[in-house]
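Worksheet: one structure, shown below.
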Amino acid sequence: MSTTDQPAPATSDAPPQRYTAQLAAELELAWQQRWADEGTFEAPNPSGPWGDAEAVAGREPLFVMDMFPYPSGAGLHVGHPLGYIATDVWARYQRMCGRNVLHTLGYDAFGLPAEQYAVQTGQHPRVTTEANITTMRRQLRRLGLGHDARRSVSTIDPEYYRWTQWIFRELFESWYDPEHVRADGGRGAARPVAELRAAYASGARRPEDGSTWAELDDVARRRLVDAHRLAYVSDTPVNWCPGLGTVLANEEVTADGRSERGNFPVVKRPLKQWMLRITAYADRLVDDLERLDWPEAVKSMQRHWIGRSTGAQVRFALVGSTVGPAAGEQDLEVFTTRPDTLFGVTFMVVAPEHASLDAVPAAWPEGTPEPWTGGAATPAEAVAAYRVQAAARTDAERTDEGRTKTGVFTGLHATNPVTGTAVPVFTADYVLIGYGTGAIMAVPGQDERDFAFAERFELPVIRTVQPPEGFEGGAFTGEGPAVNSSNDDVDLDGLDVVAAKERIAAHLERTGAGRPVTTYRLRDWLFSRQRYWGEPFPVVYDEHGLPLAVPADQLPVLLPEVPDYSPRTFEPDDVTSDPEPPLARAQEWVHVTLDLGDGPKQYRRETNTMPNWAGSCWYELRYLDPQNTELLVDPDVERYWMGPRADRAAGGPGAADTGGVDLYVGGVEHAVLHLLYARFWHKALFDLGHVSSEEPFRRLFNQGYVQADAFTDGRGFHVPAAEVVETTSASGAREFSFEGEPVTREYGKMGKSLKNVVTPDEMYEAYGADTFRLYEMSMGPLDQSRPWETRAVVGSQRFLQRLWRNVVDEMTGQLVITEEPATAAVRALVHRTTDGVSADLAALRFNTAIAKLIELNNELTKLPAAPREAVEPLVLMLAPLAPHVAEELWRRLGHAGSLAHHPFPQADPALLVQETVTCVVQVQGKVRDRLEVPADITEDALRELALASPALQRALDGRGVRTVVVRAPKLVNVVPA
RNA sequence: GCCCCGAUAGGCGAAUUGGCAUAGCCGAUGGAUUCAAAAUCCGUUGUUUGUGGGUUCGAGUCCCACUCGGGGUACCA
């Protein structure tokens, strides 16, 4: 807003040594240069190229990380650095506490924007991306972040993506052995495929299709093994997005069936694509969440995404099927989480795509009600018509909830294994082919969806859980005793839901009609993209069309030059289009002669590229050892920074530590995508023995967003927020106008389209980096979103100016502090502040830490001269938050070196206890008097003292005293009779 | 619909285990400084903690119901 946010003038008539934006800029740039020259923030490793055993000795390692930024060409706004400043403050604080802190920042630089820009301009995406990285590095350096610049990596660097490809290769060369006993005692781990091959060859394992290894030829054996790899080619329906010209992972498709990026329609199409077997890790990904110090919201999103549900698979015998050895011998398997309601099944439903529909009876059974037939003459016709209808609907339409249930009878019946009753089988699109078995047992008495369907087709309802008195709804999904649930062999009546589930499960297993089953919502990760600007797969195909990994010593597979960076894109709704990746155009690259062990042969390269998530799945590991040319990361180095440590376990009592990054700060938007993928890769690397930590990120913290007011004019167009004038009306309401015309205030994210962007560069120029850092950190708790208010930034600047004046004369630059000792009161305040600030910084409560520092400074301001004894701790405590001005004051106070590694002040416990405290005297919880009492006063003495208070007696107004609650020395509460 | 988070002065926020309701910043306002203004400095100003109930000697804090705002998610059987 223009009226009140004029920054301090850079200028002429200000005293020469005033802490203005200009002076701040000078000393900030100087200190940034010095930190860089001296390598102040370079963290030593225990071994390897940056090994320094001496520097490492006696210092606890601490690994702090920000989420990998994409170097956008649009530039930063003031919201972007919020998390970077927070991690920097914390890292600087921990460094002063004596820890060996690793903090750096790299760039997740593959991605769509640079590619799209390349398509428009013909400029190679590497050129634009590298230019963007340079710009962003400059902008961030100006913030004064204490990063170890040597460790900054970029995913587009061939020396980096060499290892991304190497990990993919490891996944390709592995399978998941669910029986393998891990070191931690758990079952299931990634193992080399050689073990699988050996197990087949020895007969210890039989091919799943019933054949034998011996009778298979070479190609068949390879196909068999390939089908088990953690990275495998699949030909199943995938999310094809014609508008983007690429396929997408489930996680990249929104609930209404559109691409998260670009909002284009997405359709399911069967296509040959690379998949990663993340589902093998579903259980560990869910279970290990409990061992992580993560926000509950993120954990619950991951749990939900994985969607583990336990239940039973139950077999019903089909009656009327025209296939199978004989009618009635075909089975229909369903998955249910409520096997306890089995006695309440009154019909069955299969998804329209279900295989049982290929063999429906030739004619409607006797007495089929007209509405069930959909008006068709035969079941085959009804089913066929319904299938066409269902196929024509998009997923979004099918799952639109308000829609009335549709479906048709199939002519089939199925026999309930516990009641022996045959119930009709319907097909309806509310049952999804992709979940469970694609078929359900319908229990309208206990399931809302089944009830809605039953109402529509007038199907009977049997209650098997007794609803409470007065229950009037349809389906009852709550807890209650089982009813109507017994036969000669099993009796559930009277049992609660849990007990009933157990008993029926045991019964089903005994009779062979069912077995316990766990299903997951999580699907395998679709890993191919038809893009240019991504990592090429380290894969070639031989004459059989089967994939082979490029040997590790031949990595990286470099991204070839192509004439055109664009994949072929299509009309967004052209569902018949096929993907055409740009790499396919580099024909000389695609056809390659390699020696993979049996002499030079012709191969064809994979022309898809990896998705954007690949590079960010493991970057934390490369920060540790970025120059290692032999290994992804040296095991010693990984164990030092990320290995499990009993004293850092995040889970409940007794939970083993997972290891991982000590603090990972970023936005909640990566809750499922990046954070799930990275955990999966890390666990696979753990299984294969490449890392000692089980999880990549031990502690996760989601910072809030910086939001900003935006304004629209009478026509609804956004006007530049910086030029809006605020006034207060006669009634006290806030009013806003632009060029004299009233405008309406909105609230939202900062962005070009809302015309409310404020950049860090503007802030450096107007206030300096330290003021900007301080303001960002003082706006509120880090995990909360907060509104940006440029005019309030001046508050932080005034604080630094007051501090500066307490130390330095604005005219002469001379020190103005006194060497005299501080008074007892000031000394006590310094120690109380130290105590509070340490706790606040450690707990990421930067806003309250700053408030305490301001308070101390305000006290010092009132003195004729601030004592060195108070000023020095204040400067040191400020250092993590406003490092440049702190360094400068520290220098002027007569210290030669940087304070970055200087010990953080420690509070003397003896000075924290106060001699006297104010005791509150209450009547019935209301404060009636205050007494100054010795801190060590006894309960009895305090009671007596309080009862003698005239103010208390006045408040009691002659009433007697019933009880006196004494909490010495701070409170006495009198309860009148 | 379900799940999670939030609601404290004009705005942003603070308040260990239930124990003095507000630390700090902005704004507003009076003054100093100034030829005047900006900047700077000094002072003043604030509510009954979204609503209703409950537990308690005592509730911003715990419990129940509701309202509003934000986020996640959905025929997942």
Side-chain angles (χ1 to χ4, degrees), chain A residues 4-9 11 13-15 18 20 255 295-301 303-305 307 309 311 334-338 341 349 398-403 405 428-432 434-443 446-450 452-453 519-521 668-669 671-672 726 728 732-734 747 774-775 778-781 783-796 798-799 801-802 805 810 836 839 845 847-855 858 861-862 918-927 929-930 962-965 967 970-976:
Chain A
T4 49
D5 63 350
Q6 299 304 325
T11 103
D13 52 346
R18 169 162 293 178
T20 58
E296 200 47 49
V298 176
K299 289 191 191 182
S300 94
M301 278 186 244
R303 274 191 208 105
H304 188 271
W305 188 263
S309 69
V334 301
F335 172 72
T336 177
T337 55
R338 294 294 304 274
T341 64
V349 186
R398 272 178 71 155
T399 56
D400 173 25
E401 221 166 317
R403 201 162 68 90
K405 299 260 182 294
D429 61 8
Y430 81 90
V431 172
L432 309 176
Y435 189 78
T437 61
I440 61 154
M441 57 179 225
V443 188
Q446 267 76 233
D447 184 283
E448 315 234 0
R449 297 153 300 185
D450 297 344
F453 193 84
T519 61
Y520 304 87
R521 198 181 93 108
V668 72
E669 68 271 18
V672 177
E726 178 183 349
T728 307
R734 295 167 78 184
Y747 186 59
L774 210 52
Y775 174 66
S778 63
M779 290 165 82
D783 57 355
Q784 254 169 58
S785 291
R786 68 285 303 277
W788 179 263
E789 201 179 356
T790 298
R791 70 175 178 185
V793 179
V794 70
S796 300
R798 287 179 189 148
F799 163 50
Q801 284 179 336
R802 273 200 301 276
R805 256 198 314 273
E810 287 190 332
R845 293 189 302 256
N847 54 330
T848 54
I850 292 169
K852 291 179 173 91
L853 293 175
I854 291 175
E855 226 176 324
N858 287 351
T861 305
K862 291 175 191 162
T918 307
C919 174
V920 188
V921 182
Q922 301 178 328
V923 174
Q924 196 100 41
K926 296 238 185 307
V927 180
D929 198 8
R930 291 187 170 82
R962 183 156 58 181
T963 346
V964 183
V965 181
R967 293 281 177 275
K970 296 181 82 170
L971 177 132
V972 176
N973 188 14
V974 178
V975 188

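All chains are named by letter (A, B, ...) in the order of the sequence lines, taking the proteins before the strands, and each is independently numbered beginning at 1.
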* Whole-angstrom distance between B:rA74 and B:rU67, as gauged at atom P -> 25 Å

* Which of the following nucleotides, B:rC57, B:rC26, B:rA77, is nearest to the side chain of A:Glu789? -> B:rC26

* State, to 0.1 Å, how close A:Gln924 and A:Asn973 come at their nearest heavy-atom pair, and which atoms those are. => N-OD1, 3.3 Å

* Could you let me know what B:rA9 is paired to, Watson-Crick or G-U wobble, both distances under 3.5 Å, or none if it's on its own? => none

* Asked: Rounding to a whole Å, what distance do you find between A:Arg798:CZ and B:rC42:P?
  -> 10 Å

* Asked: If you pin A:Pro787 and A:Gln924 to their nearest nucleotides in RNA chain B, which one's is more 5'?
  -> A:Pro787

* Structure fact -> Scanning all shown strands, the Watson-Crick or wobble mate of B:rA23 with both distances under 3.5 Å is none

* Counting any heavy atom closer than 4.0 Å, what does A:Thr963 reach on the DNA or RNA strands: base, sugar-phosphate only, or nothing? -> nothing

* To do: State which of B:rU73, B:rC41, B:rG24 makes the closest approach to the side chain of A:Arg805.
  => B:rC41

* Over all heavy atoms of both residues, which pair between A:Tyr430 and A:Arg449 is shortest? Give the atoms and the distance, please. => CE1-CB, 3.8 Å

* Asked: Who passes ring pair (Phe, Tyr, Trp, His ring centres under 6.0 Å) against A:Trp305, sequence neighbours left out?
  -> none

* Do A:Asp447 and A:Ile440 come close enough that some side-chain heavy atom pair is under 4.5 Å? -> no

* Out of B:rC75, B:rU40, B:rC57, whichever nucleotide has its closest atom nearest the side chain of A:Tyr430 -> B:rC75

* Does B:rC25 have OP1 or OP2 sitting under 4.0 Å from an N or O in the side chain of A:Asn858? -> yes

* Asked: Which nucleotide sits closest to the side chain of A:Asp429: B:rC25, B:rC57, B:rC75?
  -> B:rC75

* **Spacing of the P atoms in B:rU49 and B:rA9 (rounded, Å)** => 10 Å

* Asked: Can you tell me if NZ on A:Lys299 sees more than 12 non-hydrogen neighbours from other groups inside 6.0 Å?
  -> yes

* Within the structure shown, what part of the strands sits under 4.0 Å from A:Arg930 by heavy-atom distance: base, sugar-phosphate, or nothing? -> base

* Asked: When rounded to the nearest Å, what value does the distance between P atoms of B:rG13 and B:rG70 take?
  -> 16 Å

* Asked: Which whole-number value in Å describes the distance from A:Leu853 CG to B:rC25 P?
  -> 12 Å

* To do: Using the P atoms only, state how far B:rC41 lies from B:rG24, rounded to an integer number of Å.
  => 15 Å

* Asked: What integer distance in Å separates A:Tyr435:OH from B:rA74:C1'?
  -> 13 Å

* To do: Using the P atoms only, state how far B:rG60 lies from B:rG19, rounded to an integer number of Å.
  => 9 Å

* Base-pairing mate for B:rG30 - Watson-Crick or G-U, with both contacts under 3.5 Å -> B:rC42

* Asked: For A:Arg18 and B:rU40, is the shortest distance between a side-chain N/O and OP1 or OP2 below 4.0 Å?
  -> no

* To do: Check whether any side-chain nitrogen or oxygen of A:Thr848 sits under 4.0 Å from OP1 or OP2 of B:rA15, and answer yes or no.
  => no

* Heavy-atom closest contact (A:Asn847 atom, A:Gly780 atom, distance) -> ND2-C, 3.6 Å

* Taking CD from A:Gln922 and C1' from B:rA21, how many angstroms apart are they, rounded to a whole number? -> 12 Å

* Within a strict 4.5 Å, meaning less than it, do heavy atoms of the A:Arg802 and A:Ile854 side chains meet? -> yes

* Rounding to a whole Å, what distance do you find between A:Asp447:CG and B:rC76:C1'? -> 11 Å

* Asked: Given the C1' atoms of B:rG11 and B:rG46, what is the spacing between them in whole Å?
  -> 13 Å

* Identify whether any heavy atom of A:Thr519 sits under 4.0 Å from a base atom; if not, whether one sits that close to sugar-phosphate; answer base, sugar-phosphate or nothing. => nothing

* Asked: For B:rU49, what is the paired nucleotide under Watson-Crick or G-U wobble rules, both distances under 3.5 Å?
  -> none

* Between A:Arg791 and B:rC25, does any side-chain N or O lie under 4.0 Å from OP1 or OP2? -> no

* Asked: In terms of the nearest nucleotide of RNA chain B, which residue is placed more toward the 5' end: A:Ser309 or A:Met301?
  -> A:Met301

* To do: Report the C-alpha distance between A:Met441 and A:Thr341 in whole Å, list the side-chain angles of each, state the deciding distance to 0.1 Å, and finish with yes or no for side chain to side chain contact (heavy atoms under 4.5 Å, CB included).
  => CA-CA 10 Å; A:Met441 57 179 225; A:Thr341 64; 3.8 Å; yes

* Asked: Between B:rA14 and A:Asn847, is there an OP1 or OP2 to side-chain N/O distance shorter than 4.0 Å?
  -> yes

* For A:Val431, report the nucleic acid contact type (base, sugar-phosphate, nothing); a contact means any heavy atom under 4.0 Å. => base

* Would you please confirm or rule out a distance under 4.0 Å between OP1 or OP2 of B:rG24 and any side-chain N or O of A:Arg845? => no

* Using a heavy-atom cut-off of under 4.0 Å over every strand shown, decide if A:Val965 touches base, sugar-phosphate, or nothing. => base

* Can you find a side chain N or O atom of A:Arg521 that sits less than 4.0 Å from OP1 or OP2 on B:rA74? -> yes

* Any idea which of B:rA77, B:rC26, B:rC20 is nearest the A:Ala792 side chain? -> B:rC26

* Rounded to whole angstrom units, what separation is found between the NZ atom of A:Lys970 and the C1' atom of B:rG58? -> 15 Å

* Interatomic distance, A:Lys405 NZ vs B:rA77 P [rounded to whole Å] -> 14 Å

* Across the strands shown, which category fits A:Thr341 at heavy-atom distances under 4.0 angstrom: base, sugar-phosphate, nothing? -> nothing

* Asked: For A:Phe453, is the NZ or CZ atom of A:Lys405 found under 6.0 angstrom from the centre of its six-membered ring and inside 45 degrees of the ring axis?
  -> no

* To do: Take A:Phe799 and A:Tyr775 through the test side chain to side chain contact (heavy atoms under 4.5 Å, CB included) and record every step on the way to the result.
  => CA-CA 10 Å; A:Phe799 163 50; A:Tyr775 174 66; over 6 Å; no

Atom pairs, protein N/O to nucleotides 2-8 of chain B N/O, distance under 3.5 Å:
none

* Say you pick atom P in B:rG58 and the same atom in B:rU40; how far apart are they, in whole Å? -> 49 Å

* To do: Send over the distance from A:Lys299 NZ to B:rG72 P, rounded to a whole Å.
  => 20 Å

* Asked: Applying a 3.5 Å limit to both distances, which nucleotide forms a Watson-Crick or G-U wobble pair with B:rC35?
  -> none

* Structure fact -> Closest heavy-atom pair, A:Ala442 versus A:Asp450, reported as atoms and distance to 0.1 Å, is CA-OD2, 3.2 Å

* Structure fact -> Per atom distances to the A:Arg449 side chain, the nearest of B:rA14, B:rU40, B:rC75 is B:rC75

* Could you work out the separation of B:rG18 and B:rC12 based on their C1' atoms and round it to a whole Å? => 27 Å

* Output yes when a side-chain donor or acceptor of A:Arg786 lies under 3.5 Å from a complementary backbone atom of A:Pro781, and no otherwise. => yes

* What nucleic acid atoms does A:Ile440 come within less than 4.0 Å of, heavy atoms only: base, sugar-phosphate, or nothing? -> base

* Just checking A:Val920: base, sugar-phosphate only, or nothing, at a heavy-atom cut-off of under 4.0 Å? -> base

